[in-house]
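Following: one structure in structure tokens, then a few remarks.
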Amino acid sequence: MSNEFRMPDIGEGLTEAEIIKWFVMVGDTVEVDQILVEIETAKTVVEIPSPFAGTITSINVDEGETIEVGSVLFVIGGDTTETETGQNPKPTSAVPASQSATPAPAADGRHLRAMPIVRKIATERGIDLSTVSGSGPNGAITRADVELAAGSRPDHELTPMTRVRKTIAHHMAESWRTIPHVTVQAEVRAENLMAARSHRGDTSYPIETLVAEAVLPLLKRYPEFNASIRHESILQNSHYNLGFAIDTDAGLMVVVVKDADKLSLKQLTREFERLARAAMDRTISPEEVTGQTFTISNIGALGGGHGTPIIPLGTSSIMSIGKATQQPVVVDGELAVGLVAPIDLSYDHRLIDGSLGQRFLTDLVESLESSLS
């Protein structure tokens, strides 16, 4: 008896995934719930456990290659035992492991280890891999080995996008193509905001959650900023799910604090910090990176100033705050030195008129300058 395992949709609108690492080979005997393969989706890295016990008879997708949802990933044969449900198991979050090269048969019968992209480059350059000495782990043939064998290095290099970068590129292009963006800018006196980071009891608060505290009442006052366009209708959200942009090694990721308006500042901070850590080590779940209704980006953490943030798909607005710096300010008619931070608000002009966008931004500046004191 043979059992096919088809690539499941793990709940984030998945259409395809990339194989990162196989932990088994054809002929291996596996147990129920044994981790067989690690995949990368658009936003997370997950491990796929086996729903059956038996022997691996077929592995249909190589490391570095892509599989569509519903396609057969592997086959387990022999005297198999199913899980209780008999269904594909739920993948679990995982920290990404380094890719390993897959053996490729050589003309002389030897097995050469080379990633699919390396084999592709070798084919394009007319290089016989059996003539190349591998300098990678366990003798794996690397791209550098192929380039060296070709006798020269190219003036440029074409590198495939990662799964995360492909998703970011698609979402940004689709947002820019379909949403008429308007970005308004302001500057906020940031003395109170900076002081609030460390002068509220025994907790140190990040800028992101302090800004969130000022934003949440405004989303209720101006519901258009917690809504979105759906075809020719307005979808008004009843939940206030705040997205926070996080800079990770894999690229920009937006983590989502659900029902943020129901949390105290301390609770909001703890949840934000937990999600940020999970995003950075790629253990975050699909549910934790979807569903935002408004997004906050602290580009000041990277030294940024003014910008033109792109609205995430499915929302109507996004704001960014830049680095606070000392600048000349006028106080009671006198020139002084103040701490000033730039703020940018991008909104969907189909839903939000210029006057409404300016009122939201003006009230946000006032809130940040006064209510946090």
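Index from 1, following the sequence. What you are looking at is a predicted structure, and each value in this text was computed from that prediction instead of being measured.
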* To do: Would you confirm whether W176, through its side chain, and H181, through its main-chain N or O, come within 3.5 Å as a donor-acceptor pair?
  => no
* Asked: Taking side chain as C-beta onward, heavy atoms only, is F294 less than 4.5 Å from M319?
  -> yes
* Atom pair CD1 (I35) and CZ (F23), whose distance is rounded to the nearest 0.5 Å -> 7.5 Å
* Crowding at CG, D249 (>12 non-hydrogen neighbours, <6.0 Å) -> no
* To do: Can you see which heavy atom on I299 is nearest to which on S320, and at what distance?
  => CD1-OG, 4.1 Å
* Structure fact -> Nearest heavy-atom approach of A150 to I127 is CA-CD1, 3.9 Å
* Asked: Hey, does V211 have a side-chain heavy atom less than 4.5 Å from the side chain of N298?
  -> no
* For residues V365 and A186, report the shortest heavy-atom separation together with the two atoms involved. => CG2-CB, 3.9 Å
* **I311 backbone acceptor or donor facing S346 side chain under 3.5 Å** => no
* **Co-membership, hydrophobic cluster, residues I234 and L356, 4.5 Å side-chain** => yes
* Are I318 and L218 connected, step by step, through hydrophobic side chains (Ile, Leu, Val, Met, Phe, Trp, Tyr) whose heavy atoms are closer than 4.5 Å? -> no
* Look at the aromatic rings of F74 and F5 and report parallel, tilted or perpendicular, splitting at 30° and 60°. => parallel
* Asked: Do I229 and I179 sit in the same hydrophobic cluster, where Ile, Leu, Val, Met, Phe, Trp and Tyr count as joined when their side-chain heavy atoms come under 4.5 Å apart?
  -> no
* **Heavy-atom check, side chain of P180 versus side chain of D348, under 4.5 Å** => yes
* Asked: Do E68 and S71 have a side chain donor and acceptor closer than 3.5 Å?
  -> no
* To do: Report the C-alpha distance between I207 and L193 in whole Å, list the side-chain angles of each, state the deciding distance to 0.1 Å, and finish with yes or no for side chain to side chain contact (heavy atoms under 4.5 Å, CB included).
  => CA-CA 8 Å; I207 291 297; L193 182 60; 4.0 Å; yes
* Atom NZ of K323: over 12 foreign heavy atoms under 6.0 Å -> no
* Apply side chain to side chain contact (heavy atoms under 4.5 Å, CB included) to the pair I19 and E65, showing each step before the final yes or no. => CA-CA 6 Å; I19 305 303; E65 295 181 345; 5.5 Å; no
* **From D28, V30, L73, residue fulfilling side chain to side chain contact (heavy atoms under 4.5 Å, CB included) relative to L36** => V30
* Rounded distance [0.5 Å steps], CG in L275 versus CD1 in I246 -> 8.0 Å
* So, are E40 and R282 salt-bridged, with charged N and O less than 4.0 Å apart? -> yes
* Asked: With under 30° as parallel and over 60° as perpendicular, where do the rings of F225 and F360 fit, or are they tilted in between?
  -> parallel
* Asked: Hey, does I67 have a side-chain heavy atom less than 4.5 Å from the side chain of I39?
  -> no
* Asked: Closest heavy-atom contact between I352 and G357?
  -> CG2-N, 3.7 Å
* Can you tell me if S355 and D353 form a side-chain donor-acceptor pair at under 3.5 Å? -> no
* **Heavy-atom closest pair, residues S204 and T269** => O-CG2, 4.4 Å
* Structure fact -> Which of T293, N241, N237 passes side-chain hydrogen bond (donor to acceptor under 3.5 Å, both in side chains) with N226? Answer is T293
* **Distance (rounded to the nearest 0.5 Å) between M7 CE and T66 OG1** => 10.5 Å
* Asked: Would you call L339 and Q326 a side-chain contact if the rule is heavy atoms closer than 4.5 Å?
  -> yes
* Heavy atoms, side chains only, cut-off 4.5 Å: are M253 and M280 in contact? -> no
* Can you name the closest pair of heavy atoms from L368 and A214 and give their distance? -> CD2-CB, 3.6 Å
* Asked: Atom CD of E213 and atom CD of E208: how far apart are they, to the nearest 0.5 Å?
  -> 14.0 Å
* Asked: Can you tell me if S50 uses its side chain to pair, donor with acceptor, with the backbone of F52 under 3.5 Å?
  -> yes
* Rounded distance [0.5 Å steps], CD1 in I310 versus OG in S297 -> 11.5 Å
* Do the side chains of K220 and Y240 get nearer than 4.5 Å, heavy atoms only? -> yes
* Asked: So, T183 versus T308: side-chain donor-acceptor pair below 3.5 Å or not?
  -> no
* Structure fact -> Separation between CD (Q327) and CZ (R189), nearest 0.5 Å, reads 10.0 Å
* **Flag side-chain contact, heavy atom, 4.5 Å: L129 against V146** => yes
* **Single-linkage hydrophobic cluster, 4.5 Å side-chain cutoff, V75 and V61 together** => no
* Is D344 reaching over with its side chain to a backbone N or O of Q185, donor-acceptor style, under 3.5 angstrom? -> no
* To do: Say whether V46 and V24 are linked into one hydrophobic cluster, either directly or through other cluster members, by side-chain heavy-atom distances under 4.5 angstrom.
  => yes
